[in-house]
Every structure is written in structure tokens, then in C-alpha cells.
Amino acid sequence: KFIGRSCKEVKDRYGQAEDGLYYLTTSTGVVYQTFCDMTTAGGGWTLVASVHEDNIYAKCTVGDRWTSQQGNWANRKTFGTVEAATDDDFKNPGYYDIDAEDMSVWHVPNKTPFYHWNLAAIMRYHTERRFLHLYGGNLYYLFHRYPVEYNVGKHLSDNGPSIPIVYDLGDKESTKMFYGPYSGGEIEGGFISFRAINHERAATAICSGVKPKGGNVEHYCIGGGGFFPEGNPLQCGDFTGFAWNGYGTHIGFSTSKQMLESAVLLFYR
Ligand code: KO2
Ligand code: CA
Ligand code: CA
């Protein structure tokens, strides 16, 4: 009925102002259903992916779709469904098809139904600098320029971009509190960062809410290249080394339980 190439197009063309599920189509006519955030900061945000940790103790197993040597960050493989985006990983054709400018990210507790995502979220933010233009218009192209693979460079000097964010829920300080106290010593809140490399030359995909200032990025960045030399395979998984010092303990490099048990929802506009 209100079909478009992105939630922004559906909003602009049909004046749809309600958050919820919509049908979208790609340039080649593939139709899919996803969630549109039509309200945050002007609305028109398309959910294109979710990164979900099904079991932090299972290291680079089938549930770790965002951490593999095949590199799902830079291909057109899709998986999951919008209704299960907080139950398992999700990636739809919008991820590679939409020509976007900005990103929005929601951390939503696992198993939350989509109609409660907004209210249940523990952190929400978006970019406003139209940075995706500089990297090809979406993450598919960005990660072609910055491959998420082992041994592509050195920590800090070969990381991808860090983009300033505007918070819709939370702030720089609350962001740091979700990550472990040791991580706090090497991150700055208020950014989203891409392709961060660790001390052992392993690559992670996204550091949500932060900019790395050190090389233990496996404790605050998600997704990866499928090979993490330190303690192999202990850091290999969608939420990498988030439970390095225990499950949700918020001790050492361990994140809070809230962070560990929330899916990371990625939107474009
Ligand atoms: C630790 O005790 C340890 O972890 C370090 C990791 C963290 O990513 O690189 C080193 O392996 C270190 O040798 C030691 O095992 O240090 C701030 C200290 C944490 O977990
Ligand atoms: Ca997963
Ligand atoms: Ca380390």
C-alpha cells in the first residue's frame, strides 16, 4: 500500500507518521518488511539490521552471524525477520540497497516485541552529519572500504571513522557505564566508530556509543572478522569479549548485564 525504497521515502511520499512495520522494495524489486521509526528527530529511519548475542559462551558458532571469516558486513546475505530482531540476528536488503546519510542505533533488551522497542531501549542515539555519503551511502559500502578482517592493520592507526552522535536516550556518561570499568579507561562516549582493530590485529565492526582510545576494543566493539588471537577463541563472537571478567559483572572488562542482554538495532536515514 505505502511501498517505498526506505522509511524516509514512505514518510515523505505518503505522510506516514506512525512507528511500526512497513513494506519496502529494493531497486531490483525485492519486497521485504521492516520497522520504521517515523518519530525520532524528524523520523524516516529504516531498521536494516540487528546484532544479537545468543550465547556469550559459544564462540564463533552459528549464532554469531556478524563475526565470521566470510564477513557478513560486506555482502548481500540477509537473515532473520523484523519481528525477531531482538531474538536473533537480523539483516534485510535495505542494508545494502538504501542510499542513506545518517544512522540511528537502539540498544533494546532481548525478546522485546517491536511495539515496545522504543520505550524499552536502554540507549538510543543518531548521527546528524550525513557521514554515510562519504563512505558510499550505507554500511555495505563502508565495510568494503574498511574490511572487517584479521590482519588489515594496527590498532588506532588503521581504525575506520568515528562519528559524533546526538543522544535520544542516555548520554556520554551513561554510555561509558554500560561498558566495563577497564574499558572506561580507553573509550570516549558520544561517538559511533567503525572497523576498530585490537592489539592482536583482530578487527571489530562497530563500537556503539564510543570512540576507542586503546587497543582492547574486543570489550566494547561488536561484530568481527572471525579470528581473535588473544585467548583464541574466547573473544570470537558477536559481542566479542563482553564477558571477559564474568557474565554481566561490570567488573574489569565485562559489560553490564543490561548491555550484554540487549540487541543492537541499526537504522539508516
Ligand atoms: C586480564 O587480567 C588481562 O587482560 C588483558 C587483555 C584484555 O583484553 O588484553 C591481557 O590479556 C592481560 O595480560 C591480562 O590477562 O589484563 C587491565 C588488565 C587486564 O584479563
Ligand atoms: Ca548473533
Ligand atoms: Ca586485549
Side-chain angles (χ1 to χ4, degrees), residues 47-73 75 77-92 95 105-112 139 148 150-151 153-156 158-159 176 179-187 193 196-208 210 212-255 259-266:
L47 177 69
V48 299
S50 77
V51 182
H52 170 269
E53 180 52 69
D54 64 321
N55 178 1
I56 193 72
Y57 300 116
K59 293 299 165 186
C60 277
T61 56
V62 66
D64 295 305
R65 292 177 189 78
W66 296 105
T67 305
S68 64
Q69 304 275 25
Q70 305 93 278
N72 283 332
W73 292 99
N75 67 25
K77 206 192 286 181
T78 56
F79 39 80
T81 64
V82 59
E83 284 201 293
T86 59
D87 297 357
D88 203 348
D89 300 321
F90 179 46
K91 184 185 176 202
N92 65 41
Y95 180 89
V105 178
W106 294 6
H107 289 248
V108 180
N110 290 341
K111 300 192 169 88
T112 305
L139 291 179
V148 186
Y150 171 66
N151 208 17
K154 188 175 153 41
H155 69 283
L156 292 178
D158 296 305
N159 286 352
K176 285 184 75 167
Y179 297 107
Y182 288 0
S183 300
E186 56 176 79
I187 55 181
S193 304
I197 297 170
N198 80 0
H199 282 299
E200 295 78 27
R201 302 177 79 85
T204 61
I206 293 181
C207 315
S208 182
V210 301
K213 294 193 295 185
N216 294 299
V217 307
E218 65 274 14
H219 307 301
Y220 45 85
C221 304
I222 58 174
F227 179 53
F228 290 75
E230 187 179 28
N232 183 31
L234 286 182
Q235 300 177 343
C236 204
D238 282 350
F239 282 7
T240 52
F242 276 29
W244 187 253
N245 298 104
Y247 187 99
T249 55
H250 200 253
I251 290 170
F253 282 111
S254 283
T255 70
M259 183 58 118
L260 190 60
E261 297 183 348
S262 294
V264 184
L265 274 51
L266 307 177

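Read the numbers this way: they start at 1 and go in the same order the structure lists the ligands and their atoms. Since the structure is predicted, the reported quantities are computational estimates derived from the model, not experimental observations.
Residue-level proximity to ligand 1 for Glu218 is carried by the side chain, the only part with a heavy atom below 4.0 angstrom.
As for His52, its N/O/S atom nearest the Ca ion (ligand 2) is the one called O.
Side-chain atoms of Asp54 and Asn110, non-hydrogen and from C-beta on, never get closer than 4.5 Å to each other. Taking 4.5 Å as the limit, some side-chain heavy atom of Gln235 sits within range of a side-chain heavy atom of Trp244.
Metal site remark for the Ca ion (ligand 2): Asp238 contributes an N, O or S atom at a distance under 3.0 Å. The Ca ion (ligand 2) lies at 3.0 Å or more from every N, O or S atom belonging to Asp88. The Ca ion (ligand 2) has no N, O or S atom of Gly237 inside 3.0 Å of it.
Between Asn216 and ligand 1, at least one N/O pair is under 3.5 Å apart.
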| message | Could you go through Ile222 and Trp66, starting from their C-alpha distance and side-chain angles, then the distance that decides it, and tell me whether this counts as side-chain contact (heavy atoms from CB on, under 4.5 Å)? | response | CA-CA 8 Å; Ile222 58 174; Trp66 296 105; over 6 Å; no
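For atom 6 (C) of ligand 1, a protein heavy-atom neighbour is found at a distance under 4.0 Å. Of the protein's heavy atoms, at least one falls inside 4.0 Å of atom 11 (O) of ligand 1. Distance check for atom 14 (C) of ligand 1: every protein heavy atom is found at 4.0 Å or beyond.
Between Cys221 and Ala196, the shortest heavy-atom distance links the atoms SG-CB, 4.0 Å. Shortest non-hydrogen contact noted between Pro229 and Ala202 is CD-CB, 4.0 Å. Annotation for Ala205 and Trp73: closest pair CB-CE2, 3.2 Å, computed over non-hydrogen atoms. Across all their heavy atoms, Ala263 and Ala85 have their closest contact at CB-O, 3.9 Å. Ile56 and Glu53 make their closest contact through N-OE2, 3.4 Å (heavy atoms, listed as atom of the first residue, atom of the second, distance). Nearest heavy-atom pair, Val108 versus Leu265, reported as atom, atom and distance to 0.1 Å: CG2-CD2, 4.0 Å.
Interface of His219 with ligand 1, defined as ligand atoms under 4.0 Å from a residue heavy atom, comprises 7 (C), 8 (O).
Atom 9 (O) of ligand 1 has its closest protein heavy atom at Glu230 OE2, 2.7 Å. Protein heavy atom at the shortest distance from atom 3 (C) of ligand 1 is Trp244 NE1, 4.3 Å. Of all protein heavy atoms, the one lying nearest to atom 16 (O) of ligand 1 is Phe253 CE1, 4.6 Å. In terms of protein heavy atoms, atom 18 (C) of ligand 1 is closest to Tyr182 CE2, 3.8 Å.
If you check the side chains of Asn198 and Glu230, you find no donor sitting under 3.5 Å from an acceptor. Asp238 and Thr67 are linked by a side-chain donor-acceptor pair at a separation below 3.5 angstrom, with hydrogens and angles left out of the test.
In this structure, the side chain of Thr86 engages the main chain of Thr112 through a donor-acceptor pair within 3.5 Å. Under a 3.5 Å cut-off, the side chain of Ser262 and the backbone N or O of His107 do not form any donor-acceptor pair.
Excluding waters, the count of protein N/O/S atoms less than 3.0 Å from the Ca ion (ligand 3) comes to 3.
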